[in-house]
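Step one of this worksheet: look at the structure below.
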Amino acid sequence: MPVPVELVRPLRQQALRPGSPPEDSVFPGDDEALATHVAVRDGASVVAVGSLLPEAPPGWLTTWPGVRPPSGTGRWWRIRGMATADRWRNRGLGRAVLDLLLERAADAGGGALWCNARPAAVTLYRRAGFAEAGEIFEVPGIGPHRVMWRVVPEP
Ligand SMILES: CC(C)(COP(=O)(O)OP(=O)(O)OC[C@H]1O[C@@H](n2cnc3c(N)ncnc32)[C@H](O)[C@@H]1OP(=O)(O)O)[C@@H](O)C(=O)NCCC(=O)NCCS
């Protein structure tokens with residue numbers, strides 16, 4: 001279920017930007033009308049989060065071999081801020097969050113999705129139908145990433 005962005009930021013911060021100032025967990029596009037943030041809760045605790053943001057991919061992706069044009073509205077969405085609290089990992093919550101975001105993109109008219117995947121998340125995205133594109137690249141201070149993408153399934 002979509003939640004206000006303020007609810008997802010603490011876990012984003014903890015899992016993705018440990019030791020960084022809180023403003024580093026504020027992403028461009030977080031407050032856009034089409035942005036969706038989801039959270040899995042255990043009582044009052046937020047244990048898994050992820051976000052869907054309307055955001056164009058790097059220009060090269062659209063012409064990368066095998067990359068198909070977005071379905072439906074033709075919009076590109078970015079999956080960002082995927083994080084599960086340490087002791088809740090490997091129980092399927094990341095996949096559940098991803099599935100909710102995919103459903104949301106389909107309900108919002110379709111398109112295609114992309115993300116910058118860390119090595120630890122590549123198999124999660126692959127199993128959810130994403131494919132790698134481009135070369136591995138380094139995000140300064142964070143580490144290696146790979147762009148992954150998929151078309152939003154038609155309803
Ligand atoms: C990446 C991350 C979000 C995955 O979250 P998660 O809730 O552990 O994800 P899932 O449980 O759905 O999937 C993780 C693994 O658990 C396995 N799994 C899922 N359900 C399972 C179950 N019931 N029993 C055992 N293993 C299970 C999955 O097969 C998957 O394996 P894989 O890594 O080989 O794909 C989490 O590890 C995390 O927060 N990492 C730090 C932040 C980060 O790197 N975020 C991604 C940025 S791109």
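Start at 1 and go down the list; that is how both ligands and their atoms are numbered.
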Problem - Test item: Gln13 side-chain N/O and Asp24 main-chain N/O as donor-acceptor pair under 3.5 Å - result: no
Problem - Which atom of Ala117 lies closest to which atom of Met148, heavy atoms considered - result: CB-SD, 3.7 Å
Practice task
Under 4.0 Å from a heavy atom of Asn116: give me the atoms of ligand 1 that qualify, with their elements.
Solution key: 48 (S)
Problem - Residue and atom name of the nearest protein heavy atom (relative to atom 1 (C) of ligand 1), distance in Å to one decimal - result: Ala121 CB, 4.0 Å
Completion exercise
Trp88 meets the ring-ring contact (aromatic ring centres under 6.0 Å, His included) criterion, sequence neighbours left out, with none
Practice task
Flag Tyr125 as yes when one of its N or O atoms lies below 3.5 Å from any N or O atom of ligand 1, and as no otherwise.
Solution key: no
Exercise for the section: State whether the shortest distance between N or O atoms of Arg127 and N or O atoms of ligand 1 falls below 3.5 angstrom. Expected result: yes
Exercise for the section: Spell out, as yes or no, whether a donor-acceptor pair under 3.5 Å connects the side chain of Trp77 to the backbone of Ala35. Expected result: no
Exercise for the section: Give the residue, atom name and distance (to 0.1 Å) of the protein heavy atom nearest atom 11 (O) of ligand 1. Expected result: Gly92 N, 2.7 Å
Problem - Nearest neighbour in protein (non-hydrogen) for atom 33 (O) of ligand 1 - result: Thr123 OG1, 3.1 Å
Handout entry: Atom CZ of Arg41 with >12 non-hydrogen neighbours under 6.0 angstrom
Key = no
Fill in the blank from the handout: for atom 8 (O) of ligand 1, nearest protein heavy atom and its distance come out as Asn90 N, 2.8 Å
Exercise for the section: Assess whether atom CD of Glu23 is packed by more than 12 heavy atoms of other residues, nucleotides or ligands within 6.0 Å. Expected result: yes
Handout entry: atom 48 (S) of ligand 1: the protein heavy-atom neighbour that sits closest, reported with distance to 0.1 Å
Key = Arg118 N, 3.4 Å
Completion exercise
Partner of Leu11 under side chain to side chain contact (heavy atoms under 4.5 Å, CB included), picked from Leu16, Val40, Val46, is Val46
Exercise for the section: Sort and list the pairs that fulfil salt bridge (charged side-chain N to carboxylate O under 4.0 Å, His left out) and have at least one residue in residues 62-81, not counting sequence neighbours. Expected result: Glu55-Arg78
Exercise for the section: Compute the shortest N/O to N/O distance between Ala83 and ligand 1 and return yes if it is under 3.5 Å, no if not. Expected result: no
Practice task
Would you mind listing which atoms of ligand 1 come within a distance below 4.0 Å of any non-hydrogen atom of Gly94?
Solution key: 5 (O), 6 (P), 7 (O), 9 (O), 10 (P), 12 (O)
Exercise for the section: May I ask you to list the atoms of ligand 1 that are less than 4.0 angstrom from any heavy atom of Leu124? Expected result: 4 (C), 12 (O), 13 (O), 35 (O)
Practice task
Identify, for atom 39 (O) of ligand 1, the protein heavy atom at the shortest distance, and state residue, atom and that distance.
Solution key: Thr84 N, 2.8 Å
Exercise for the section: State, to 0.1 Å, how close Ala108 and Thr73 come at their nearest heavy-atom pair, and which atoms those are. Expected result: O-CG2, 4.2 Å
Problem - Arg95: numbered ligand 1 atoms lying under 4.0 Å from its heavy atoms - result: 12 (O)
Handout entry: Candidate with minimal heavy-atom separation from atom 40 (N) of ligand 1, of Arg12, Arg89, His145
Key = Arg89
Exercise for the section: Could you tell me whether some N/O pair between Ala117 and ligand 1 is separated by less than 3.5 angstrom? Expected result: no
Completion exercise
ligand 1 to Leu16, heavy atom cutoff 4.0 Å, flagged ligand atoms 42 (C), 43 (C), 45 (N), 47 (C)
Problem - Flag if over 12 foreign heavy atoms under 6.0 Å of CZ, Arg146 - result: yes
Practice task
Search all heavy atoms of Gly94 against all heavy atoms of Thr84 and return the closest pair with its distance.
Solution key: N-OG1, 4.0 Å
Completion exercise
Going by the 4.0 angstrom heavy-atom rule, the piece of Arg91 near ligand 1 is backbone
Problem - N or O pair under 3.5 Å between Met82 and ligand 1 - result: yes
